[in-house]
Amino acid sequence: QVQLVESGGGLVQAGGSLRLSCAASGRTFSSYAVGWFRQGPGKEREFVAAINSMGSLTYYRDSVKGRFTISRDNAKNTVYLQMNRLKPEDTAVYYCAADQWLKVVVPGPDKEYWGQGTQVTVSS
């Protein structure tokens, strides 16, 4: 069993930065790929970024490439999302999810584990 807890969200001005964390419990966390997803007001949940179990492979949605960086520290059971040059359209609740690689690189609710989400608000 794996439990995921996101943190690091908040209110930031456009152009600013935030680092989100996804902390996991459970000794098998390092065997899972992890994805970050977000859901803005009135929108469907969308894929943001993913990292494989070893941290050797990453994948991003086009709109965040060059601004967001996903990384993981398996010794700390934590995955990070560094978000730079934030834009108002990045405003959303951000969720992390753990599953096999092919599951975390696509949107959709069918992931083995989800966190509860953390709010990111970017003001213009």
Side-chain angles (χ1 to χ4, degrees):
Q1 190 77 0
V2 173
Q3 292 185 319
L4 304 176
V5 178
E6 301 95 334
S7 62
L11 173 64
V12 64
Q13 289 189 329
S17 298
L18 285 173
R19 188 176 80 157
L20 305 184
S21 297
C22 173
S25 64
R27 288 177 288 180
T28 61
F29 178 68
S30 61
S31 66
Y32 287 91
V34 174
W36 282 98
F37 300 80
R38 66 186 181 188
Q39 188 165 14
K43 298 180 180 179
E44 294 187 352
R45 194 171 298 189
E46 64 184 16
F47 166 79
V48 177
I51 190 165
N52 68 345
S53 60
M54 297 302 296
S56 59
L57 182 62
T58 59
Y59 181 62
Y60 300 90
R61 70 179 296 110
D62 286 346
S63 61
V64 308
K65 285 179 181 177
R67 299 189 298 123
F68 291 11
T69 303
I70 189 170
S71 62
R72 70 189 296 162
D73 185 341
N74 284 340
K76 296 183 178 179
N77 273 6
T78 303
V79 171
Y80 305 97
L81 186 67
Q82 178 67 44
M83 306 187 296
N84 299 327
R85 305 201 310 273
L86 282 160
K87 304 176 180 180
E89 52 263 43
D90 295 319
T91 295
V93 178
Y94 283 71
Y95 302 86
C96 61
D99 206 325
Q100 299 175 31
W101 174 255
L102 290 179
K103 287 283 195 73
V104 298
V105 294
V106 294
D110 58 334
K111 313 292 185 275
E112 189 161 0
Y113 301 106
W114 282 98
Q116 84 291 346
T118 185
Q119 176 71 49
V120 171
T121 303
V122 185
S123 64
S124 57

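Small disclaimer: the values here were computed from a predicted structure and weren't measured.
When all heavy atoms of Pro88 and Ser124 are compared, the pair lying nearest together is CG-CB, 3.9 Å. The two residues Val5 and Gln116 come nearest to each other via the heavy atoms CA-OE1, 3.6 Å. Between Tyr60 and Thr69 the shortest heavy-atom distance is OH-CA, 3.4 Å. Heavy atoms only, all atoms of each residue included: Val122 and Thr91 are closest at N-OG1, 2.9 Å.
Rounding to the nearest 0.5 Å gives a distance of 8.5 Å between CG of Leu57 and CD1 of Ile51. One finds the OG1 atom of Thr78 at 7.0 Å from the CZ atom of Phe29 (value rounded to the nearest 0.5 Å).
For Lys76, the salt bridge (charged side-chain N to carboxylate O under 4.0 Å, His left out) test picks out no residue, with sequence neighbours left out. Every residue two or more places apart in sequence or in another chain was checked for a salt bridge (charged side-chain N to carboxylate O under 4.0 Å, His left out) with Arg85, and none qualifies. With sequence neighbours excluded, the residues satisfying side chain to side chain contact (heavy atoms under 4.5 Å, CB included) with Ser63 are Arg38, Arg61. Among residues two or more places apart in sequence or in another chain, the side chain to side chain contact (heavy atoms under 4.5 Å, CB included) test is passed with Ala98 by Leu4, Tyr32, Val34, Tyr113.
Ionic pairing of Asp62 and Lys65 is present here: one or more N-O contacts between side-chain nitrogen and carboxylate oxygen are shorter than 4.0 angstrom.
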Ignoring hydrogens and angles, write down the donor-acceptor pairs under 3.5 Å from the side chains of residues 10-26, residues two or more places apart or on other chains.
{"unit_1": "Ser17", "atom_1": "OG", "unit_2": "Asn84", "atom_2": "OD1", "d": "2.9"}
{"unit_1": "Ser25", "atom_1": "OG", "unit_2": "Gln3", "atom_2": "N", "d": "3.3"}

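Counting only residues at least two apart or in different chains, salt bridge (charged side-chain N to carboxylate O under 4.0 Å, His left out) contacts with residues 101-113 comprise Asp99-Lys103.
Transitive grouping of hydrophobic side chains (ILVMFWY, heavy atoms separated by less than 4.5 Å) keeps Met54 and Leu102 in distinct clusters. With hydrophobic clusters built from ILVMFWY side chains whose heavy atoms lie under 4.5 angstrom apart, Val120 shares a cluster with Ile70. Connection of Val64 to Leu81 is established within a shared hydrophobic cluster, with ILVMFWY side chains joined at heavy-atom distances below 4.5 Å, either directly or through further cluster members.
Of the residues listed (Glu6, Gln39, Met83), the one engaging Tyr94 in a side-chain contact (heavy atoms from CB on, under 4.5 Å) is Met83, and it is the only one.
Between the Trp36 side chain and the Val79 main chain, no donor and acceptor come within less than 3.5 Å of each other. Proximity of a side-chain donor or acceptor of Arg72 to a complementary backbone N or O of Asn52 within less than 3.5 Å is detected.
With a 4.5 Å cut-off on side-chain heavy atoms, Phe37 and Val106 do not count as touching.
A 6.0 Å sphere centred on CD of Gln119 holds more than 12 heavy atoms belonging to other residues, nucleotides or ligands.
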